[in-house]
Amino acid sequence: MKYRTIGIFAHIDSGKTTLTERILFEAGKISAVGSIEDGNTESDSLQEEIERGISIRTTFHSLNWKTAFGDFQIQLVDTPGHIDFRNQVTDLLPAMETAIVVLEAGTVVQSQARLVIEELTKASVPMVFFINKLDRFADEYLDTLVSLEEILGGAPVALFQKNEFGKLEFYFHEPSSFPKTIKEELISWSDDLLISSWNDLSAQTDFSLIGLQTGPKAGKLYPVYGGSAKTGEGVRELLDLVLWTEPKETENSSSQDLPLLVLSRRTNPEFGRYAVIYPTREIQWNELHSLWSRHVTNGDKDFTFSTKDDLTGENPFHFLDPESEETLTRLEKGKLVFLKNHPGLVLLPGQTVTHPKGILFEEEGPMSGRAQSPFSVLMEPEESSEKEFWLCRLEELVWEDPGYRVQKKEDTGQLVLLGRGELHLEIGIRRITERTEKKLTISSINIAKLEHLKKMSHKVALEHRAFEDQKSSGALIAVLEDTADFSKQIAFEVSLPEEVKNSIETSFLEACLHGFYGEEVVGLKFRVLSYEMPKGDLQTTLTLLKVAILAGVRELFPSNTYLVGPLTEVEVKVDADHLGVVLSDLSRRSAKVVSILEAVAGKSHLKANAPAQNLLGFSGALRNMTKGIGISWERTAFTYEFHAFLKE
């Protein structure tokens, strides 16, 4: 059996889940096509997905498909379209062999689709495009193709057309019905194919089909089909085309790694926590045991052992077949399996099992460690005795979606849940609080803020005296200046003892923790030019030096910093009748409109930017303003290149 892992990617509301549903129906996996409106699709089974009508977690489906060139087992991966769940998309890319990118007819390629195309290109995943909703928008897809060409940097090839009876024809099944120019486009990307076709005087070989087969994998050809996921037109033809194209070859990043890619994590009531695993090569039980034992005996630092049994070289791998849930002792390349969680295993989505272990809690500070989401909520159990219960709930949430992070506030005992956006947090809160009578106090959504130093270069002389001026910190001369980023830097232009340098650096960083507006100060550099260290007790001197730096640096913050926060790009697709009220609401939120495009069927497509804190609740307000018709897509970032000014 040939296995093929195929991901379906799209902008929100482009018909991705509807296409998955139709494929399952065409393959005989389900007896009727469910609908998002009725909440009975195979992919969207969580209550939050049914209520909101969007996918919020990746789903995996296995189906058999017969073609004229072989039988396949398709492992279909339906991904979320909302930007808040983007990490689930990027986690899958190492294992994607082919991608179906769903585009919506009647509009240009929308933002999340644009983003995923760029990521698929970077990951060298072959792409086949499907322009959906042609049952509603008929021939309105020229703008889609034009914007797709701009994104790809090359012309996509439309391989579908209407015949004289108004039915769609598809090139792979009816090549003779298409003009000669299409054949030329399918081979023109390859000099070898062009030369071979010129030399084939008998025309025995159809080089256009060879070009169609190999071009997407080479990243030189972008085939486009069209149809309707709702009616099923073009869906069977789409699957045949996808299976005809050559898949991406997945390889181990290192011969020392276990050949197991983690795609996603789940919890099952029967066998507990598990991960969806993609084997990058065929491997037998005894070989896996040998490889695992070698890691253990070599003391491989990539593994985090948490029980004594792990150190004995015991094989902790328990694989299950997703279809039968039977235990497996042999893994086939590319056939997805379940791997039960074990204390000695590190199962981090997007990585092999040898990746360093992730943690539930992380250090505080909005700019510490890797980039964090600026969205968070504070949580406090109603009863202190219930704290462990809520920690377990949070641990389960982070297990299934590592896009969430948890912090402890040591000073107050509160817990902080960080998420990728407003919707992400709302759903996370809903999931940890459902099916329990225990109470949890939850704050409104907090959005991170920073103070950035204005453009300046100020020389300061810092000194602090105590004990009736008998003790001094010594005179420190330094320059405080701005930087072109969100960093905090310190530089020594004078030679000093290490303990003195450490004291100065620690004091400077502490001074930056709270600026004029009470937020962390960034974008500044402290250059130490000279320091006259007094004689006497070193510890007393360092204590006084700390006071001098704290007071002197903080004195400069008033009127020299401005408050910044994350910026949100929002796109709205709305009926022209509701455009005025939506623009009015965005204006009230201090949004700057970037563009308004007229789409088909009386739709308008507008883009705007606004401080993230002003757009809290916008998606809900949009649904109310437009009676559920309006659709919004938001992308929030908080970097030096992408932020909003809040206060001078």
Is K409 close to L378 at the side-chain level, that is, under 4.5 Å between some pair of heavy atoms?
yes

Take V89 and L115, measure what side-chain contact (heavy atoms from CB on, under 4.5 Å) needs, and give me the verdict at the end.
CA-CA 11 Å; V89 173; L115 186 61; over 6 Å; no

Where do F638 and A448 come nearest, in terms of heavy atoms and distance?
CE2-O, 3.8 Å

Sole residue of R273, R435, R265, R266 in salt bridge (charged side-chain N to carboxylate O under 4.0 Å, His left out) with E396:
R273

Rounded to the nearest 0.5 Å, what separation is found between the CD1 atom of I131 and the OG1 atom of T107?
11.5 Å

What one should report as the nearest heavy-atom pair of T636 and A612 is CG2-CB, 4.0 Å

Using a 3.5 Å distance criterion without hydrogens, assess whether the side chain of Y404 forms a donor-acceptor pair with backbone atoms of G428.
yes

How about F618 and E422: do any of their side-chain heavy atoms sit closer than 4.5 Å?
no

Sorted by chain and number, sequence neighbours left out, side-chain contact (heavy atoms from CB on, under 4.5 Å) with R420 holds for N87, H424

Give me each pair satisfying side chain to side chain donor-acceptor pair (under 3.5 Å) with a member in residues 117-128, each pair once, sequence neighbours excluded.
R86-E119

Search all heavy atoms of A123 against all heavy atoms of L93 and return the closest pair with its distance.
CB-CB, 4.2 Å

What heavy-atom pair brings S444 and V377 nearest, and what distance separates the two atoms?
O-CG1, 4.0 Å

Tell me, with the steps shown, if N341 and W399 meet side-chain contact (heavy atoms from CB on, under 4.5 Å).
CA-CA 11 Å; N341 189 36; W399 165 259; 3.7 Å; yes

Would you confirm whether T67, through its side chain, and F69, through its main-chain N or O, come within 3.5 Å as a donor-acceptor pair?
yes

Minimum heavy-atom separation for T267 to E400, with atom names?
N-OE2, 3.3 Å

Applying salt bridge (charged side-chain N to carboxylate O under 4.0 Å, His left out) as the test, list every pair that has at least one member in residues 89-104; sequence neighbours left out.
E104-K133, E104-K573

Heavy-atom side-chain proximity of M379 to W390 below 4.5 angstrom
no

Strictly distance-based, threshold 3.5 Å: is any side-chain N or O of T329 a donor or acceptor partner for the main-chain N or O of W285?
no

Using side-chain contact (heavy atoms from CB on, under 4.5 Å), reason through E634 and L423 one step at a time and then give a plain yes or no.
CA-CA 10 Å; E634 298 166 14; L423 177 63; over 6 Å; no

Begin from the C-alpha positions of F375 and L616 and carry the test side-chain contact (heavy atoms from CB on, under 4.5 Å) through to its verdict.
CA-CA 10 Å; F375 296 89; L616 287 176; 4.2 Å; yes

Suppose we screen for side chain to side chain donor-acceptor pair (under 3.5 Å). Which residues come up paired with R236, at least two apart in sequence or across chains?
E26

Just jot down the salt bridge (charged side-chain N to carboxylate O under 4.0 Å, His left out) partners of K439, sequence neighbours excluded, or say none.
none

Side-chain donor-acceptor pair under 3.5 Å between T79 and T58, yes or no?
no

Partners passing side chain to side chain donor-acceptor pair (under 3.5 Å) against S62 (at least two apart in sequence or in another chain):
Q73

Scan L120, I74, L243, V242 and name whichever one has a side-chain contact (heavy atoms from CB on, under 4.5 Å) with T98.
V242

Would you say that F129 contacts I117 through its side chain, given a criterion of any heavy-atom pair below 4.5 Å between the two side chains?
yes

Spacing of CG belonging to L331 relative to CD1 belonging to I277, to within rounding of 0.5 Å
9.5 Å

For T5 and Q75, does a side-chain donor sit closer than 3.5 Å to a side-chain acceptor?
yes

Can any side-chain N or O of T436 pair as donor or acceptor with the backbone N or O of K438 at less than 3.5 Å?
yes

If you round to the nearest 0.5 Å, how far is CD of E325 from OH of Y274?
8.5 Å

Partners meeting side-chain contact (heavy atoms from CB on, under 4.5 Å) with P216 (sequence neighbours left out)
P126, L221, P223, T245

Got V337 and L260 here, is their nearest side-chain heavy-atom distance under 4.5 Å?
no

Hits for side-chain contact (heavy atoms from CB on, under 4.5 Å) against F642, two or more places apart or cross-chain, chain-then-number order -> L567, E569, R635, A637, T639

Would you give the length of the straight line joining atom CG of L347 to atom OG1 of T352, rounded to the nearest 0.5 angstrom?
10.5 Å

Kindly write out the residues that satisfy side chain to side chain donor-acceptor pair (under 3.5 Å) with K333, not counting sequence neighbours, or none if the list is empty.
E249

So for atom NZ, which belongs to K248, do other residues, nucleotides or ligands contribute more than 12 heavy atoms lying within a distance under 6.0 Å?
yes

Can you name the residues that form a salt bridge (charged side-chain N to carboxylate O under 4.0 Å, His left out) with E323, not counting sequence neighbours?
K29

Side-chain heavy atoms of L397 within contact of L417, under 4.5 Å:
yes

Would you find a donor on one side and an acceptor on the other, under 3.5 Å apart, between the side chain of N132 and the backbone of V102?
no

So which atom in F130 and which in G234 form the shortest heavy-atom distance, rounded to 0.1 Å?
CE1-O, 4.0 Å

Output all residues satisfying side-chain contact (heavy atoms from CB on, under 4.5 Å) with T327, sequence neighbours left out; order by chain, then residue number.
H318, L320

If we ignore hydrogens and angles and just use 3.5 Å, is the side chain of R393 paired with the main-chain N or O of I432 as donor and acceptor?
yes

Mind checking side chain to side chain donor-acceptor pair (under 3.5 Å) for D71 and listing every partner two or more places apart, or none if nothing turns up?
K66

Look at the rings of W633 and H11 and say which category their plane angle falls in: under 30° parallel, 30 to 60° tilted, over 60° perpendicular.
tilted

Separation of L328 CG from F319 CZ (nearest 0.5 Å):
8.5 Å

Can you confirm whether L238 sits close enough to L19 that some side-chain heavy atom of one is under 4.5 Å from a side-chain heavy atom of the other?
yes

Taking the side chain as every heavy atom from C-beta outward, state whether L76 and F60 have any pair of such atoms under 4.5 Å apart.
no

Between the CE atom in M127 and the CD1 atom in I100, the distance rounded to the nearest 0.5 Å is 13.0 Å

